[in-house]
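Just below is one structure, and these are the notes that go with it.
Sequence lines set the chain letters: A, B, ... in the order given, protein chains first and strands last, and positions in each chain run from 1.
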There are 2 protein chains.
Amino acid sequence: MARYQVGIRTETKIIEATRQLLAEGGLDAATLKAICDRAGVQAGSFYNIFPSKEQAIMQVARDAIQVVDPDPEHAGTDTLDDLVDAYIRFVIDQSDLARIYLQLAVSGSSDDSVARRFLRHHVRRVERFAAAMLRADGALADDEATTKAEVLLGALDGLAFRWVLDRTFDFAKHARIAASHYG
Amino acid sequence: MARYQVGIRTETKIIEATRQLLAEGGLDAATLKAICDRAGVQAGSFYNIFPSKEQAIMQVARDAIQVVDPDPEHAGTDTLDDLVDAYIRFVIDQSDLARIYLQLAVSGSSDDSVARRFLRHHVRRVERFAAAMLRADGALADDEATTKAEVLLGALDGLAFRWVLDRTFDFAKHARIAASHYG
DNA sequence: CGACTTTTTGAGTATACACTCCATTTTGGA
DNA sequence: TCCAAAATGGAGTGTATACTCAAAAAGTCG
């Protein structure tokens, strides 16, 4: 039998509640009770849809990472500045999600699928950065570009981490300085 | 008033047990029961020495960082290379604790005292990096040195994070490149 | 020894958590 | 309208957690 509409609506409410709680207070805030309370649902309904709390959180993480994926539409035409600006905008606009990424990636002990997903995303971004560097400097070797891209993205990630811990930190300024060493 | 020797030995046993458990299984493995079992001590003894489990964990983290500090006396004689090498050594030698370090910093959501503590530590490190830069280049302005130090440490932090997610990543190589670019 | 202080014990408390069970209600197709 | 499958309510279970407390033991020193 196909699923009933009301069940699908409940699933949506649970996912949305989970997403909000993760953004507001991190992994610790997303308890089963908190999720059910915010979704306006009882525990029994939750487990009628999800086999475990972890599965719901994984689904939120999957969806969020999907949204953040580099836009394939602009592939091959971005400059390094474009990419850095996009990164800065993402970190500032989606700072709550950035913290969840860090938490999930670093605390993923039982299930490291999130860490792997995060890594794939990172590698893809390194490739785009390296490609932009190669377009700007034809004399650059492939592996040199990849190494430079790793260092630059490391700096951006580290500065973003710094900013998550202290919102008074001027992330955009430092990020642009980090990028300027390759201009 | 002075502490008895047996109490100091107990503290050592607890710290050592905590250190082992953190290294073996991360934050989740270091429960109070696990720590006390391994130390051969009862919960009451633990709380006779430490005000909370968190304090014991923080002390382990502090000690680990202290071990690789190139200039614990803050004498102001370390070079930037010394500091970068110390950072690299910490991340590689104490990789398990480096992961804990990230976990602690990023998981301080409800109780931000941990995040603040790590931020203070970070700021102090930035000051030492900036001071080393100033000693190497007298023409550098104070705020310029601080900004450069923030960018370099951001890169080191980001690359360390990258390495925690993927142990095949050549952290030392990229860290040294970052130091040569941003130093 | 004897007085005093520190340390240890270990059962006990309070609480939070993910998850279950199943009677009841709702849904949507035939 | 009927009815089987799907969804729900909500009390209840089991477990793990950090932490407490008062009495007993052991260390320290004159």
- Message: Whether the Y101(B) and D96(B) side chains hold a donor-acceptor pair (N or O, under 3.5 Å, no angle test) is what I'd like checked.
- Response: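 Result is no, nothing qualifies.
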- Message: What verdict does the side chain to side chain donor-acceptor pair (under 3.5 Å) test give for D143(B) and T146(B), after you've listed the backbone C-alpha separation in whole Å, the side-chain angles of each residue and the deciding distance to 0.1 Å?
- Response: CA-CA 5 Å; D143(B) 58 340; T146(B) 299; over 6 Å; no
- Could you check A43(A) against N48(A) and say which one's nearest nucleotide on DNA chain D is further toward the 5' end? N48(A)
- Message: What I want to find out is whether D37(A) reaches K33(A) closely enough, with some N-O distance under 4.0 Å, to be called a salt bridge.
- Response: yes
- Item | SB check E24(A) R38(A) (cutoff 4.0 Å) |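 Here E24(A) pairs with R38(A) in a salt bridge, since their nearest N and O are under 4.0 Å apart.
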For atom [atom1] of [X] and atom [atom2] of [N], their distance in whole Å:
X: I8(B); N: dT8(C); atom1: CD1; atom2: C1'; result: 16 Å
X: D28(A); N: dT15(C); atom1: CG; atom2: P; result: 19 Å
X: E11(A); N: dT8(D); atom1: CD; atom2: P; result: 11 Å
X: R9(A); N: dT8(D); atom1: CZ; atom2: C1'; result: 13 Å
X: Y47(A); N: dG12(D); atom1: OH; atom2: C1'; result: 14 Å
X: I49(A); N: dA18(C); atom1: CD1; atom2: P; result: 17 Å
X: F46(B); N: dA18(D); atom1: CZ; atom2: P; result: 9 Å

Does [X] use its side chain to pair, donor to acceptor, with the backbone of [Y] at less than 3.5 Å?
X: T18(A); Y: I14(A); value: yes
X: Y47(B); Y: S52(B); value: no
X: Q55(B); Y: F50(B); value: no
X: R128(A); Y: L80(A); value: no

Pairs under 3.5 angstrom, nitrogen or oxygen only, protein versus nucleotides 28-30 of chain D, please.
unit_1, atom_1, unit_2, atom_2, d
dT28(D), OP1, Q5(B), N, 3.4

- Go through residues 30-40 of chain A and report each residue with a non-hydrogen atom lying under 4.0 Å from DNA chain C, sorted by number. T31(A), L32(A)
- Message: dA18(D), OP1 or OP2 - any side-chain N/O from S52(B) closer than 4.0 Å?
- Response: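 So the side-chain polar atoms of S52(B) never come under 4.0 Å of the phosphate oxygens OP1 or OP2 of dA18(D).
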- Which nucleotide in the set dA11(C), dT9(C), dC19(C) lies at the smallest distance from any side-chain heavy atom of Q42(B)? dT9(C)
- Task: Check the pair D63(B), R19(B) against salt bridge (charged side-chain N to carboxylate O under 4.0 Å, His left out), reporting the backbone distance first and the verdict last.
- Result: CA-CA 10 Å; D63(B) 292 350; R19(B) 198 192 60 74; over 6 Å; no
- Message: Mind checking if G7(A) touches a base, just sugar-phosphate, or nothing, with heavy atoms under 4.0 Å?
- Response: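 The residue G7(A) makes sugar-phosphate contact but no base contact.
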